[in-house]
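Just so we're on the same page: letters track the sequence lines, and every chain starts at 1. Since we're looking at a predicted model, the values are computed, not measured.
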Amino acid sequence: MTNEQCAQVFDRIADLMEIKGEIIYKTLAYRKAAENIRSLAGSLKAIHQQGKLMEIPGVGKAIAEKIEELITTEKLVFLEQLETEVPVGLIDLLQVPDVGPRKAALFWKQAGVTSLSELEEAVKSGQIRGLVGMGEKSEQRIIVGIEALKRRGHRLNLDTAQGIANRWLKWIRSQPGVERAEAAGSLRRWKTTIGDIDIVAAVKDSGAVMAALAAHPDVQRVLGSGENKSSVELPGGINMQVWTQPPERFGTLLQFVTGSKDHNVALRELAQKKGLSLSERCITTTDGKELLFADEELVYQALGLDWVPPELREDHGEIKVAASHVLPVLIQLSDLRAEVHTHSNWSDGINTIEEMARGAMARGLMTYAISDHSGGLGIAGGLKPEGLKERQKEIEVVQKLLGGAITLLGGSEVEIKADGSLDYDDETLAWLDIVVASLHTSLRQPREVITARLVNAIRNPHVDIIGHASGRLLPNREGADLDWDIVLQEAKDSGVAFEINASPSRLDLDETHVRQSVEMGIPIFINTDAHAVDQLDNAVYGVSVARRAWLKPEQVLSTWEPEKLITWLRTPKSERRLL
DNA sequence: GCCGTTTTCGGCCCGACTGTTTTCAGTCG
């Protein structure tokens, strides 16, 4: 029972309870618990063993007991009972836009609907019309909603979503009367994957903008349109919301749409305690006076808080820290000084060593390692040990050419083979300046097997960094089923480092494991895994993961100057220290 | 079901938009 599986159980409970008609605050409690379990650094199993389940925010006696039952028996009687009371197929109905728990219950109790396909049938045969509050338009919305659900693609990777949002921002900023426009929502918080695209705009007369949006040739259909908010579907089943307020209210709007929901709820509760009411329009005082904010910083200030970087807005303690004025100064792209996981045309990269090194220099880096694939990974044209020696000659030539402005290292991304052995012998590994060890194949091995395989690489005295540890591919491929309690403890004991692989389709380690690693004293790098010069720009996505993990620059070894980093690399692995 | 610099009981964010309604309920973010 992983944390994610446990969180899914509680989300399922919340869905079923809502349809059943339980009081909303119970279901909210289960959802809150699920959310907090998802973002836990440690495994529930380990937390349970330490007897600390109730220290998880949102977990009280009742939910702690259910977690314990799930961990020890792999099932939950409470859920099984619930599933006999409410047809589980109704959960799918909640995915249909404009269908929530009340309508799902209505369709179930009044029309005998127990699944999505039965709902579609019921609507088409006219069974839904005539139910309380259901008219012709409701009927149409359900049909359109089910079709949209079928069209709807998976979540978007960050770079894709940014590209789409930037094109729309350019368009919206060019509209008459638009003074400011920004991407908000999960995109502004740099979440790993993006569901909907949210755009906020400061505009005096929003009617014209909303009309122009509805008429835009790339808008497939308008899902809803009002004075302050429009929702449209873009090609590929992507949904976009556009929110507007007059310029003097832009600060509260940007704050609200940036979210997260949990952060906003916590912020509004804090406002309440201060006798204020916070909305996307303004802050209202007890005597009904509206305070307007053109800038977001001033909204936080008005609540007695420091401005919270969007990456931290998940209700993970940031509000309390902002109130105490001790928010961390988070790492930024410009802090990076080293890149140690990249590929040249000596393996499957596009560019030469010189081109890559110049690209690194142009981005302000001072240490740069080429770490081409090892020989065993056939598809990547990996290097045999002899090839490494040849490549080293070229590295030395380029080093001479570029002088002292950048320090070049000869490295490898060595394959961890299916049997757990490494693709080079120890002599070759010892000869390299830096070794990144990665899993690429047989990622579906059973937990014990793949964990042992990774542990073997972690323990090798010549392996400096574990590359993209989980092997996940965003947005859809899950990572390997690793026992993270073991992996992290072994990493700590061995002195190996982890990377945040900055490729937007990896972002691996994820933020929760990054945070736990740093708390345990495991070194962290941010690496692009670039196979071409322009991919060095992906570093910004790696930085976003570090920021969401609350990391300061000094906690990431990629910010270290060459001398310090190379001294660290030359120190025997077991003796390495972080300072 | 959780939680407490007003509370261990009585609260639990707030507004926009829609449809079916003559004042509101449901959904969404």
Checklist entry - Salt bridge or not for A:Arg180 and A:Asp295, using N-O below 4.0 Å? => result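 So A:Arg180 pairs with A:Asp295 through a salt bridge.
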
Checklist entry - Quick one: do A:Glu120 and A:Lys124 make a salt bridge, cutoff under 4.0 Å? => result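 A salt bridge links A:Glu120 with A:Lys124.
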
Look at all strands and tell whether [X] reaches a base, only sugar-phosphate, or nothing, counting heavy atoms closer than 4.0 Å.
| X | result |
| --- | --- |
| A:Lys320 | nothing |
| A:Phe256 | base |
| A:Thr27 | nothing |

Next on the checklist: Which label fits A:Trp484 and A:His513: parallel for a plane angle under 30°, tilted from 30 to 60°, or perpendicular past 60°?
Outcome noted: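 Rings of A:Trp484 and A:His513: parallel, under 30°.
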
[options]: which one has an atom nearest the side-chain heavy atoms of [X]?
| X | options | result |
| --- | --- | --- |
| A:Trp243 | B:dG29, B:dC14, B:dT27 | B:dG29 |
| A:Asn228 | B:dA16, B:dT20, B:dG1 | B:dA16 |
| A:Pro101 | B:dC2, B:dT27, B:dC14 | B:dT27 |
| A:Val265 | B:dC13, B:dG1, B:dG26 | B:dC13 |
| A:Arg141 | B:dT18, B:dC13, B:dG1 | B:dT18 |
| A:Ile63 | B:dC17, B:dC2, B:dC13 | B:dC2 |
| A:Arg268 | B:dC13, B:dT27, B:dG29 | B:dC13 |

Quick one: is [N] close enough that its OP1 or OP2 comes under 4.0 Å of any side-chain N or O from [X]?
| X | N | answer |
| --- | --- | --- |
| A:Ser138 | B:dG19 | no |
| A:Gln241 | B:dC28 | no |
| A:Ser231 | B:dC28 | no |
| A:Lys103 | B:dA25 | no |
| A:Arg281 | B:dG15 | no |
| A:Arg31 | B:dG1 | no |
| A:Lys26 | B:dG1 | yes |

Checklist entry - Can you check whether A:Tyr25 stacks with the B:dC2 base, using ring centres under 5.5 Å and planes within 30°? => result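 The base of B:dC2 is not stacked with A:Tyr25 (the test needs centres under 5.5 Å and planes under 30°).
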
Item to check | P-based separation of B:dT5 from B:dG1 [nearest Å] | outcome: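 Approximately 23 Å lies between the P atom of B:dG1 and that of B:dT5.
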
Item to check | Spacing of the P atoms in B:dC13 and B:dC3 (rounded, Å) | outcome: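 B:dC3 and B:dC13 have their P atoms separated by 15 Å.
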
Item to check | Atom pair distance, as rounded to whole Å: NZ in A:Lys229 and P in B:dC14 | outcome: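 Distance, rounded to whole Å: 18 Å.
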
Checklist entry - Are side-chain N/O atoms of A:Gln81 and A:Glu85 paired as donor and acceptor at under 3.5 Å? => result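 There is such a pair between these side chains.
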
Next on the checklist: Quiz question: by atom type and distance under 3.5 Å, do the side chains of A:Asn538 and A:Ser503 form a donor-acceptor pair?
Outcome noted: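 The answer is no; no qualifying pair exists.
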
Item to check | Residue closer to the 5' end of DNA chain B, A:Ala29 versus A:Gly100 (nearest nucleotide) | outcome: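 The residue mapped nearer the 5' terminus is A:Ala29.
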
Next on the checklist: Given the structure, check if the side chain of A:Lys261 and the base of B:dG29 hold any donor-acceptor pair shorter than 3.5 Å.
Outcome noted: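 It does, because a donor-acceptor pair links the side chain of A:Lys261 to the base of B:dG29 below 3.5 Å.
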
Item to check | A:Ile331 backbone acceptor or donor facing A:Asp335 side chain under 3.5 Å | outcome: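 No.
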
Item to check | Paired nucleotide for B:dC24 [Watson-Crick or G-U wobble; both distances under 3.5 Å] | outcome: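 B:dG19 is the nucleotide pairing with B:dC24.
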
